[in-house]
Amino acid sequence: MKAIIYCRVSTTKETQESSLDRQEDELITAAEKWDFDIIDIIRERESGYTLDRAGVLDMLDRIKQESIDAILIQDETRLGRGNAKIALLHCVMKEGVKVYSLAQNGELQLSESDSMVLQIVSMVEEYQRKLHNLKIKRGMKRAVDNGFRPEKNLKNRGNENGRDRKDIPISEINRLRNSGLTFADIAATLRGFGYDVSKATVHRRYKEAATLPEQEE
């Protein structure tokens, strides 16, 4: 199984270097004991109360890009403190990655209060996802009611000097905008119909069409 070792101290004092070294050495030994292959070792000197940590962001990127099975830490405070700890635990566990703690000699066992908070966060996130899907569904219905026909998509126009322009029905963007939908609603609606488009792209194309209306007719 693949694991990332994460070591952290809260200050930049040179006296903390020995603590980082000790964490790393002990976790390397633990990884061998727990039969983990070490993919990366992250060391950083940052406050546990902040999420703006280069090491943590790198760790989350590696989790998404590779099949990481576990994060190895000295104890849960090394991962973070307060709300930052809860947020990071949620991000890690949502990806199916386990956390192993040297202090607990194995997989991290959360306190009852932390478990409750994580459960609430997961429930809120799930309801946000449902609301987002309902918003897309509503936008799609409003778009069709206002005459949007996804099968009448404009042909893609390549840009020889750069990336291909996204294949987006500009006339329908104008129609939906004139019907009162926001750019975010329009983007969500188009994504629901299979168009890979962001709010920013919708806004840019709308502005382009406004300055050169004949271009997309």
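Atom set for the values below is all heavy atoms of this structure, side chains included, hydrogens, waters and symmetry mates excluded. Small disclaimer: the values here were computed from a predicted structure and weren't measured.
- In this structure, the side chains of His90 and Ser122 come closer than 4.5 Å at one or more pairs of heavy atoms.
- Counting heavy atoms from C-beta outward, Ile4 and Val97 have side chains that stay 4.5 Å or more apart.
- Both Leu89 and Ile42 are members of a single hydrophobic cluster when ILVMFWY side chains are connected at heavy-atom separations under 4.5 Å.
- Ser10 pairs by the side chain to side chain contact (heavy atoms under 4.5 Å, CB included) definition with Arg8, not counting sequence neighbours.
- Residues Lys2 and Glu66 are not paired through a salt bridge, judged by the lack of any N-O separation under 4.0 Å between the basic side chain and the carboxylate.
- Ile68 and Ile41 are members of different hydrophobic clusters when ILVMFWY side chains are connected at heavy-atom separations under 4.5 Å.
- Other residues, nucleotides and ligands contribute over 12 non-hydrogen atoms within 6.0 Å of the CD atom of Glu126.
- Interatomic distance, Asp69 CG to Tyr100 OH, rounded to the nearest 0.5 Å: 9.0 Å.
- Side-chain atoms of Leu108 and Leu79, non-hydrogen and from C-beta on, never get closer than 4.5 Å to each other.
- Ile86 and Ile63 fall within the same hydrophobic cluster, where Ile, Leu, Val, Met, Phe, Trp and Tyr residues are linked whenever their side-chain heavy atoms come under 4.5 Å apart, directly or through other members.
- Contact annotation: the side chain of Val56 never approaches that of Leu51 to less than 4.5 Å [non-hydrogen atoms, C-beta and beyond].
- Here the straight-line distance linking atom CD1 of Ile39 with atom OG of Ser67 works out to 9.5 Å at 0.5 Å rounding.
- When all heavy atoms are compared, the tightest approach of Tyr49 to Gly82 is CE2-N, 4.2 Å.
- Two residues are said to be in side-chain contact when any heavy atoms from C-beta on lie closer than 4.5 Å; Leu27 and Arg78 fail this criterion.
- Within the model, atoms OG of Ser19 and CZ of Arg22 stand 4.5 Å from one another, a figure rounded to the nearest 0.5 Å.
- With side-chain heavy atoms closer than 4.5 Å counting as contact, directly or through intermediates, the hydrophobic cluster containing Met116 also holds Ile120, Val124.
- A side-chain donor-acceptor contact under 3.5 Å links Gln109 to the backbone of Glu107.
- Of all non-hydrogen atoms in Arg53 and Gly48, the two that sit nearest each other are NH2-O, 3.4 Å.
- Annotation: side chain of Gln23 is not in contact with side chain of Ile5 (no heavy-atom distance under 4.5 Å).
- With sequence neighbours excluded, the residues that form a side-chain hydrogen bond (donor to acceptor under 3.5 Å, both in side chains) with Glu44 are Tyr6.
- Here the closest heavy-atom approach between residue Val197 and residue Val202 is recorded as CG2-CG2, 3.6 Å.
- Expressed to the nearest 0.5 Å, how far CD of Glu208 lies from CD1 of Ile173 amounts to 10.0 Å.
- For the residue pair Thr201 / Ser198, a side-chain donor-acceptor distance below 3.5 Å is found, with atom types taken as modelled.
- The shortest side-chain heavy-atom distance between Leu102 and Leu72 does not fall under the 4.5 Å cut-off.
- With contacts defined as side-chain heavy-atom distances shorter than 4.5 Å, the pair Lys64/Leu60 does not qualify.
- In the displayed structure, Asp52 atom CG is contacted under 6.0 Å by at most 12 heavy atoms of other residues, nucleotides or ligands.
- Pairs of residues two or more places apart, or lying in two chains, that qualify as side chain to side chain donor-acceptor pair (under 3.5 Å) and include a residue from residues 26-37 are Lys33-Asn105.
- Every salt bridge (charged side-chain N to carboxylate O under 4.0 Å, His left out) that Glu76 has, sequence neighbours left out, goes to Lys85.
- Here Asp40 pairs with Arg62 under the salt bridge (charged side-chain N to carboxylate O under 4.0 Å, His left out) rule; sequence neighbours left out.
- Linking ILVMFWY residues whenever their side-chain heavy atoms come closer than 4.5 Å, directly or via other members, places Val121 and Val92 in the same cluster.
- Remark: Asp25 CG is packed, more than 12 non-hydrogen atoms of other residues, nucleotides or ligands lying under 6.0 Å away.
- Defined by atom type and a distance below 3.5 Å, a donor-acceptor pair is present between the side-chain atoms of Thr77 and Asp75.
- For the atom pair CG (Leu190) and CD (Glu172), the distance works out to 9.0 Å, reported to the nearest 0.5 Å.
- Between Arg177 and Thr182, the shortest heavy-atom distance links the atoms NH1-CA, 3.6 Å.
- Taking CZ of Arg204 as the reference point, atom NZ of Lys199 lies at 13.5 Å (rounded to 0.5 Å).
- A single hydrophobic cluster is not seen to contain both Ile73 and Ile28; linkage of ILVMFWY side chains at heavy-atom distances under 4.5 Å, directly or through other members, places them apart.
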